[in-house]
Amino acid sequence: MSDDIRRNMALFPIGIVMKLTELTARQIRYYEQHELIFPARTEGKQRLFSFNDVDRLLEIKALIEKGLNIAGIKQVMSLEQSEPVKTEITATSEQKRKELTDKELHQLLKQQVVNTGVSRTGDNALIRAELSRFFH
DNA sequence: CTTCTGACA
DNA sequence: TGTCAGGA
């Protein structure tokens, strides 16, 4: 797995990352404070980002744009790297939902969040209800 | 010139 | 989140 070291190899300063991710330095530093990313540091305290860090930032950016806050992103990202639960349960019904385990529910939430996005005005009842249960 | 931390008119 | 300060 020598490719892993390449991906986690700290290479670029925040300036490059800003252009690569379209995020402001403020946001990048903010996300780091909230442990969404952990860039390496030079002796002079300069942040050095790896390819993986950039990928994470892009995911974070996508989730932010879908209306999630730090808490929501943390959970969505920390859970299952894989996604066994397919679209079959996308249209979960009330009854079937009660049978789901918390793990499955989380995966389902991630899918819906990633595919649908969270409505800040609250028009998606199902997602709304579950988000309040897990993200609040 | 670029980045860093802390703070808030 | 933006932005400015003051230092590295």
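In the text below, chain A, chain B and the rest are named by the order of the sequence lines, each starting its count at 1. Only heavy atoms go into these numbers, but all of them, side chains included; no hydrogens, no water, no symmetry mates.
Applying the side chain to side chain donor-acceptor pair (under 3.5 Å) test to residues at least two apart or on different chains, the pairs with a partner in residues 34-43 of chain A are A:Tyr30-A:His34, A:Glu32-A:Arg41. For residues 48-63 of chain A, the set of pairs meeting the salt bridge (Lys or Arg N to Asp or Glu O under 4.0 Å) definition, not counting sequence neighbours, is empty. Screening residues 51-74 of chain A for ring-ring contact (aromatic ring centres under 6.0 Å, His included) gives no qualifying pairs among residues at least two apart or on separate chains. Note on residues 4-25 of chain A: pairs passing side chain to side chain donor-acceptor pair (under 3.5 Å), not counting sequence neighbours, are A:Thr24-A:Gln27.
Within the 4.5 Å cutoff, side-chain heavy atoms of A:Ile37 are placed close to those of A:Phe49. In this structure, A:Met77 and A:Leu63 have side chains that are in contact, with non-hydrogen atoms separated by less than 4.5 Å.
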With the criterion being N/O to N/O and under 3.5 Å, what pairs connect the protein with nucleotides 7-9 of chain B, and how long is each?
none

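Residues that satisfy the side-chain contact (heavy atoms from CB on, under 4.5 Å) test with A:Ala25, not counting sequence neighbours, are A:Ile14, A:Met18, A:Arg29.
DNA chain B forms stems at B:4-8 with C:2-6, each a run of 3 or more consecutive Watson-Crick or G-U wobble pairs whose two key distances fall under 3.5 Å.
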(message) For A:Ile60 and A:Leu57: C-alpha separation, side-chain torsions, deciding distance, then whether side-chain contact (heavy atoms from CB on, under 4.5 Å) applies.
(response) CA-CA 5 Å; A:Ile60 293 170; A:Leu57 282 172; 4.3 Å; yes
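Extent of DNA chain C lying under 4.0 Å from chain A heavy atoms, first and last nucleotide in 5' to 3' order, is C:dT1 to C:dT3.
The distance from atom NZ of A:Lys19 to atom C1' of B:dT2 is 11 Å, rounded to the nearest whole Å.
Clustering ILVMFWY residues whenever any of their side-chain heavy atoms sit less than 4.5 angstrom apart, transitively, puts A:Val76 in a cluster other than the one holding A:Phe38. Under a hydrophobic clustering in which Ile, Leu, Val, Met, Phe, Trp and Tyr are joined whenever their side-chain heavy atoms come within less than 4.5 Å, directly or via other members, A:Met9 and A:Leu48 fall into different clusters.
For residues 29-50 of chain A, proximity to DNA chain B is found at A:Arg29, A:Arg41, A:Lys45, A:Gln46, A:Arg47, defined as any non-hydrogen atom under 4.0 angstrom from a strand atom.
Once rounded to the nearest 0.5 Å, the distance linking CG of A:Leu23 with CD1 of A:Ile64 reads 9.0 Å.
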